[in-house]
Structures are given as structure tokens and as C-alpha cells.
Amino acid sequence: MILPKEYYSRDPEEVAIKLLGKLLVRELNGNRMSGYIVETEAYHGAWDPASKAYKSLRGDLAKTLYGEVGLTLIYGIHGKWLLNIVAHKGDGGAVLIRAIEPHEGIEYMMRNSGTTNPYKITSGPGKLCKALSIDKKLHKKPVYTKESGLWIEEGRKVEEWEIMKSHRIGVKVDLEKPLRFYIKGNPYVSRG
DNA sequence: CGCCAGATTGACT
DNA sequence: GTCAATCTGGCGG
């Protein structure tokens, strides 16, 4: 079952937690690739120093951050693409997908990412996008319909005790609140 | 159009 | 732990 659009009309922090264990599906040229989300980060609006809307409400990224929920927000950094899902209740925000556990179409993902080590295919936001052929063409596409070739389905049940929290990674100026969430003990989380 | 910072990654001390 | 190569969007001129 695909998660409905309303699923993303909540605080980014809450959505980030709820997305853990869900199945991220990518369909391309008839090939189905998927993986369970095991690591996420929450980003807020203008008051979040790490947000793209901080000090610049101009630009497509900031507008998307404050726009319709349930859309992808593809952000390029250091020559990589990062996958975000717009999620907020009116005040702007998004959830960054940092890592997934490969499930279907692993062969295609390995070919895309150029490695045969299953633990290195999707264990990072940049690598994940490469493995699933996600780039700017998928910017602002809905994840609550199959039409875009990228969507999120109901996945595993994740118990509360399996979810760990920590500070965000790689962010220069972070908030004190822990906004990174990942599944405890999962070997596919990035660097940690 | 040129400059610059950055939500990364992989290699190295 | 540290470091720098790498590319796009945002912003100034």
C-alpha cells in the first residue's frame, strides 16, 4: 500500500521517524528496485540553520520546502544528489533519506553504483541516489503515486526501541535537538 | 557570467 | 579522527 499524501502533513521530525522501515520503491524501464528506509534526517524551515530556506526564501528549493507536501526535493551537493521528501504542516520542512536496506532489484542497483559490495550500494544519501538512478529529473515529483516512478510503500513494523536518535551528520551549523534517526544495529546505515 | 559555499564520499594520519 | 575533489544553485556585478 502506497502511503497517502496526508502522511506527510506533519512535523518533519515525526515523519522522519515514521518513515523508518517503510519501503522506498523505484521503477525504471520496467525494472523494480526497492529498499527499506533505515536512516533519515529531519529539516525544518527558515529557523533551521541547516535548511535551504534559512536566510533565503528565494529560489526553487526554498519554495519547494514550503510548498506542497509529499513531493520529492532533489538537492545537489558536492557533485552528488540527495533525496528529500517535503513534509510539514504549513511551516516548511523536509525529510532527508540517508540510507536504505536493498530489497528488490539489487543487481540493477549494483550496476548503477558500480560496486558489488551490498553494504556499500545504498549506505549514504549520495550513493542511494546513484543506485536508484535518482537525479534532478525527479525533482518535485509526488511519492504518493506510481506515475513518477518513485514512491514509498508500507513496509516493516519498527518497534520503538529499535529507533536511535543522534545529531545530524555533515551539517556545519546544527540545532541542539537530535534530528537524525536510524534503525539500531542495521548494517546499511551510513558511517555509523 | 563568475564566484563561492556546501545536507558527501573515499582515502588517509 | 582529518582532508580535498567534485558540481550545482544562489547571488552579486
Side-chain angles (χ1 to χ4, degrees), chain A residues 8 11-20 22 24 35 37-67 69-88 91-102 109-141 143 150 152 164-183 186-192:
Chain A
Y8 307 96
D11 278 332
E13 186 176 338
E14 184 184 348
V15 177
I17 295 173
K18 298 265 187 184
L19 283 184
L20 290 174
K22 297 296 184 293
L24 179 71
I37 298 172
V38 297
E39 184 179 358
T40 60
E41 280 180 13
Y43 286 82
H44 294 87
W47 55 272
D48 184 350
S51 164
K52 282 293 99 184
Y54 186 65
K55 282 189 177 176
S56 72
L57 286 174
R58 290 185 265 178
D60 184 55
L61 290 173
K63 278 187 285 186
T64 305
L65 197 64
Y66 273 84
V69 300
L71 300 183
T72 56
L73 192 159
I74 312 291
Y75 178 54
I77 189 74
H78 292 87
K80 322 275 192 306
W81 294 111
L82 310 186
L83 174 63
N84 298 252
I85 312 292
V86 180
H88 60 88
D91 53 347
V95 176
L96 168 67
I97 310 297
R98 286 194 59 90
I100 65 174
E101 175 185 328
M109 290 192 257
M110 290 195 300
R111 195 185 57 195
N112 287 338
S113 52
T115 177
T116 51
N117 184 338
Y119 293 103
K120 293 187 175 179
I121 306 174
T122 57
S123 56
K127 289 187 286 187
L128 178 159
C129 288
K130 194 176 178 186
L132 297 185
S133 294
I134 294 171
D135 59 24
K136 201 59 191 297
K137 291 193 296 293
L138 283 168
H139 184 50
K140 280 180 157 177
K141 303 289 186 206
V143 294
L150 180 72
I152 298 176
M164 303 291 286
K165 302 179 182 181
S166 77
H167 66 88
R168 290 181 290 192
I169 296 178
V171 180
K172 279 246 179 103
V173 186
D174 201 0
L175 297 169
E176 293 192 15
K177 222 175 174 184
L179 289 172
R180 171 179 176 245
F181 312 96
Y182 60 97
I183 296 181
N186 191 291
Y188 296 94
V189 302
S190 67
R191 289 242 220 177

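Convention: sequence-line order gives letters A, B, ...; per-chain numbering from 1.
Among the protein residues, A:R168 comes within range of no part of the nucleic acid, since none of its heavy atoms lies under 4.0 Å from any strand. As judged by a 4.0 angstrom heavy-atom cut-off over every strand, A:K136 is placed among residues touching the sugar-phosphate backbone only. A:D60 comes within contact range of the sugar-phosphate backbone alone, with a heavy-atom separation under 4.0 Å but no base atom that close.
Ring orientation note: the planes of A:Y188 and A:Y119 are close to parallel, at an angle under 30° on the 30°/60° scale.
Between the CD atom of A:E41 and the C1' atom of B:dT8 there is a distance of 12 Å, rounded to whole Å. Distance A:I74 CD1 to B:dT8 C1': 16 Å, rounded to the nearest Å. For the pair A:L61 CG and B:dA5 C1', the interatomic distance rounds to 14 Å; values are reported in whole Å.
Of the residues A:I100, A:I121, A:L138, the one that meets the side-chain contact (heavy atoms from CB on, under 4.5 Å) test with A:L132 is A:I100.
Atom OH of A:Y8 and atom CD1 of A:I152 lie 3.5 Å apart (nearest 0.5 Å). Note that NZ of A:K136 and OH of A:Y75 are 10.5 Å apart. Values are rounded to the nearest 0.5 Å.
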With both pairing distances under 3.5 angstrom for Watson-Crick or G-U wobble, and | for a partner in another strand, the correct string for DNA chain B is ||||||.|||||.
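Residues A:D91 and A:H44 have side chains not in contact (no heavy-atom distance under 4.5 Å, counting atoms from C-beta outward).
Aromatic stacking is not marked for A:Y75 over B:dA7, as the cut-offs of 5.5 Å for the centres and 30° for the planes do not both hold.
Considering only the side chain of A:L96, B:dA7 comes nearest among B:dG6, B:dT9, B:dA7.
A 4.0 Å heavy-atom criterion places the boundary nucleotides of DNA chain C facing chain A at C:dT2 to C:dC11, written 5' to 3'.
Considering only residues two or more places apart in sequence or on other chains, A:K137 meets the salt bridge (charged side-chain N to carboxylate O under 4.0 Å, His left out) condition with A:D135.
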